[in-house]
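One structure below.
Keep in mind that the numbers below use all heavy atoms, side chains included, and drop hydrogens, waters and symmetry copies. Letters A, B, ... mirror the listed sequences (proteins, then strands); counts begin at 1. Predicted model only: the values in this text are computed from it and were never measured.
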Number of protein chains: 2
Amino acid sequence: MNTTIRDVAHTAGVAVSTVSLVLNRKGPVSRETERKVLDAIEKLHYHPQRSARGLVTRRSGNLGFILSIDHFSKAEPFYTKIFLGTEFESRSHDLYVLLTTVDQQFSERNIPRFLLEKNVDGILLAGTVPLKLIDYIKDRHLPCVFIDYLPPSGSSSAILIDNAEGIRQAVLHLLEKGHRDLAFVGGDMQHPGMRERCEAFRGVLTEHGLVADTTNIFCEALLSGAREGYDAAQRILNDKLKVTAFVAANDAIASGILRACRDHKRRIPGDIAITGFDDVETAITARPTLTTLHVPKEEMGALAVRLLADIINGTASKGTKIVVPVSLICREST
Amino acid sequence: MNTTIRDVAHTAGVAVSTVSLVLNRKGPVSRETERKVLDAIEKLHYHPQRSARGLVTRRSGNLGFILSIDHFSKAEPFYTKIFLGTEFESRSHDLYVLLTTVDQQFSERNIPRFLLEKNVDGILLAGTVPLKLIDYIKDRHLPCVFIDYLPPSGSSSAILIDNAEGIRQAVLHLLEKGHRDLAFVGGDMQHPGMRERCEAFRGVLTEHGLVADTTNIFCEALLSGAREGYDAAQRILNDKLKVTAFVAANDAIASGILRACRDHKRRIPGDIAITGFDDVETAITARPTLTTLHVPKEEMGALAVRLLADIINGTASKGTKIVVPVSLICREST
DNA sequence: ATAAATTGTCGAAACGTTTCGACACTAATA
DNA sequence: TATTAGTGTCGAAACGTTTCGACAATTTAT
């Protein structure tokens, strides 16, 4: 009923192994037998079966995408976009992407199923993931590419955002507009990207002879959402600190700041200017719309797949890091 | 190196087949040997390998998601959301979703790879897909669930939108606001959903003793995008037809109409009111924001996976149809 | 002319599971 | 007591590929 390689061999009048050789373009096959095999394949509509092939080659044709659970939700368009980027790209590499989420603490019975079942040829890891999970993957020598995260251990392949340059652009933009009293509001410092944004802010300001210390850098929050932005801005506005421009570490935080400013009856951008980072929907649905740094999210996903595929095929060396540029999008909030 | 079921059998002191029985909770196994096997599994960190298992069971643990190519793009948030819904849900069914796109005309060398490789246990089909492809799938007796589309042949399982009710709500809303001169702008009539929306408009209007004919129903467009909405609205406004409210078949069309109205210096909603359908980002990023019908897109994806999983397990009968409700979201455009 | 290398083909073994029929037991039935 | 009906366990065969070593038939080098 199910047409197999044996059927092809039979109708072509050759051995099974010969059909396999033709199929995989391996080993020498005469023009003539190749023709016969190809004809038989055509005639029988034959196509090798993935699981049988995978059993012996140990290749599944799948990539795994691992994401922290709190990053894959309806409210988190950032990593979702990256994921969609991987989906787009993977189709042109003849790969499928299996998505899974993990929670922050790693446990034995928590290991993504596709890893246990040896059902992926490589892994994409987006955002912060448990270090133990990373170790687990490295132990198994699975090729992997990190996205928007670089584990402390160093030498991993990764697709990264040019955070420093982004913050620099935002700050320069604000300086140009005449602002001199800038404040930075960050979030979850577990994430190296957050730290980079924060450090960049400090760097650019001191470069321009401006103060950058605990009076205008707020990074104690444990998360990086609108709530944290709101709380920080509240404190700042209540304390009547002199601030005319906020540089937020991402759009969610920026939208929280926006709300706090509105609650304090400050006009935007008249009294206070705000910049975000990431350019997610929030930036454009906010009122006023947010000036922010555009991050090419789909493109990052695509780059990650391309790099991972190259590493799997041995045409790229692991340890490659790609930094994608960001660009300032000026909207109403500045 | 690779720990297999044989290793487990060996350290547990039983036969390979016994381990398999324990693993799959099949056949009778004594309490005692079960313990031994479980211990060995624990000790060796054993987990069955997908491809080996799949080879004999003919189960892959994957679902295929098929989407027309023009529906999976950055500009098409509708089906993308549905896809994300399936991703969410599938994880709790221990299934992975493999996504592929197809173009409108079916050809032999165009068949999704996961079908050829027998790498999926069931199929989700979203939007219009080539009939030949549907036949191909049916021929192979693969369980499948349609999303936002019902093929002419009938008896398929599907997750559908309550289009008629949606249009009814939009029209009633406009009538309540005092509008009497309504026009409907549709798009690609290949899609049964589009036809339903159009028919519903005609129905509700005649029910209320209002005219509904070619003077106020515009459905000749071949596509369903902003461009089509713009063109239709242009013609209507140029011809100075008496229209105070537009009912668009989706948000993209509505946004096109919006632009045409702006070009004609009509105030919205002062001079002209507009409603959309689907509640995608366009609806909220448009200026003014669009009154539209919310469609629970992620939920549709989730429902589809649940239904498909049930059909695969034999706990739901194929042919089941689920109609999801829509709800009117009033924003600035009415 | 002979030895060595190359080319094309093949059969058989592997890959890691599940499933099927056989078999020895024990418990229930006649 | 003799049969029958379960239980629990096992070995072997399958599932559909790829890969490896063998081997004949050529071609090339000595």
Check: Between N119(A) (CG) and dG16(C) (P), how many Å, whole number?
Finding: 15 Å
Check: Rounded to whole angstroms, how far apart are CG on L116(B) and P on dG16(D)?
Finding: 16 Å
Note to self: Tell me whether the side-chain N/O atoms of K26(A) come closer than 4.0 Å to OP1 or OP2 in dT19(D).
What the structure shows: yes
Check: For T4(B), which contact category applies under a 4.0 Å heavy-atom criterion: base, sugar-phosphate, or nothing?
Finding: sugar-phosphate
Next item on the list: Report the distance from atom NZ of K118(B) to atom C1' of dT17(D), rounded to the nearest whole Å.
Entry: 13 Å
Checklist line | Backbone N/O of F114(B) and side chain of Y96(A): donor-acceptor pair under 3.5 Å | finding: yes
Notebook entry, point to check: Between T33(A) and V16(A), who's closer to the 5' end of DNA chain C by nearest nucleotide?
Noted result: T33(A)
Next item on the list: Assign S20(B) to base, sugar-phosphate, or nothing according to its heavy-atom contacts below 4.0 angstrom with the strands shown.
Entry: base
Notebook entry, point to check: If only side-chain N and O atoms of R58(A) are considered, is one of them under 4.0 Å from the OP1 or OP2 phosphate oxygen of dG16(C)?
Noted result: yes
Notebook entry, point to check: When we call it a touch if two heavy atoms are under 4.0 Å apart, what does S51(B) touch: a base, just sugar-phosphate, or nothing?
Noted result: nothing
Checklist line | Nearest-angstrom distance from the residue atom CD of E32(B) to C1' of dG8(D) | finding: 11 Å
Notebook entry, point to check: Any Lys/Arg nitrogen of R35(A) or D39(A) sitting under 4.0 Å from an Asp/Glu carboxylate oxygen of the other?
Noted result: yes
Note to self: Main chain of T4(A), side chain of D7(A): is a donor-acceptor contact present, judged purely on distance under 3.5 Å?
What the structure shows: yes
Notebook entry, point to check: Roughly, in whole Å, what's the span from CZ in R25(B) to P in dT19(C)?
Noted result: 15 Å
Checklist line | Distance test, side-chain N/O of N2(A) to OP1/OP2 of dC15(D), below 4.0 Å | finding: no
Notebook entry, point to check: If only side-chain N and O atoms of T18(B) are considered, is one of them under 4.0 Å from the OP1 or OP2 phosphate oxygen of dC10(D)?
Noted result: yes
Check: Nearest of dG16(C), dG11(D), dC10(C) to any side-chain atom of A15(B)?
Finding: dG11(D)
Margin query: Between C1' on dG16(C) and CG on N24(B), what's the gap in Å once rounded to a whole number?
Written below: 13 Å
Check: Within a strict 4.5 Å, meaning less than it, do heavy atoms of the F78(B) and D148(B) side chains meet?
Finding: yes
Note to self: Checking contacts here: which listed nucleotide (dG16(D), dG16(C), dT9(C)) is nearest the side-chain heavy atoms of P28(A)?
What the structure shows: dT9(C)
Check: Between dT9(C), dT17(C), dG16(D), which nucleotide gets closest to the side-chain atoms of L21(A)?
Finding: dT9(C)
Item checked: d(CZ, R50(A); P, dG16(D)) in whole Å -> 16 Å
Notebook entry, point to check: Which pairs, with at least one residue in residues 17-34 of chain B and sequence neighbours excluded, count as a salt bridge (Lys or Arg N to Asp or Glu O under 4.0 Å)?
Noted result: R31(B)-E34(B)
Check: Roughly, in whole Å, what's the span from NZ in K36(B) to P in dG8(D)?
Finding: 14 Å
Item checked: Shortest side-chain distance from V56(A), nucleotide among dG16(C), dT17(D), dT9(C) -> dT17(D)
Note to self: What I want to check is whether an N or O donor and acceptor connect the side chain of S30(B) with the base of dG8(D) at under 3.5 Å.
What the structure shows: no
Next item on the list: Among the candidates dG11(C), dG11(D), dG16(C), find the nucleotide nearest to the side-chain atoms of A52(B).
Entry: dG16(C)
Next item on the list: Take the angle between the ring planes of Y149(B) and H191(B) and call it parallel below 30°, perpendicular above 60°, tilted in between.
Entry: perpendicular
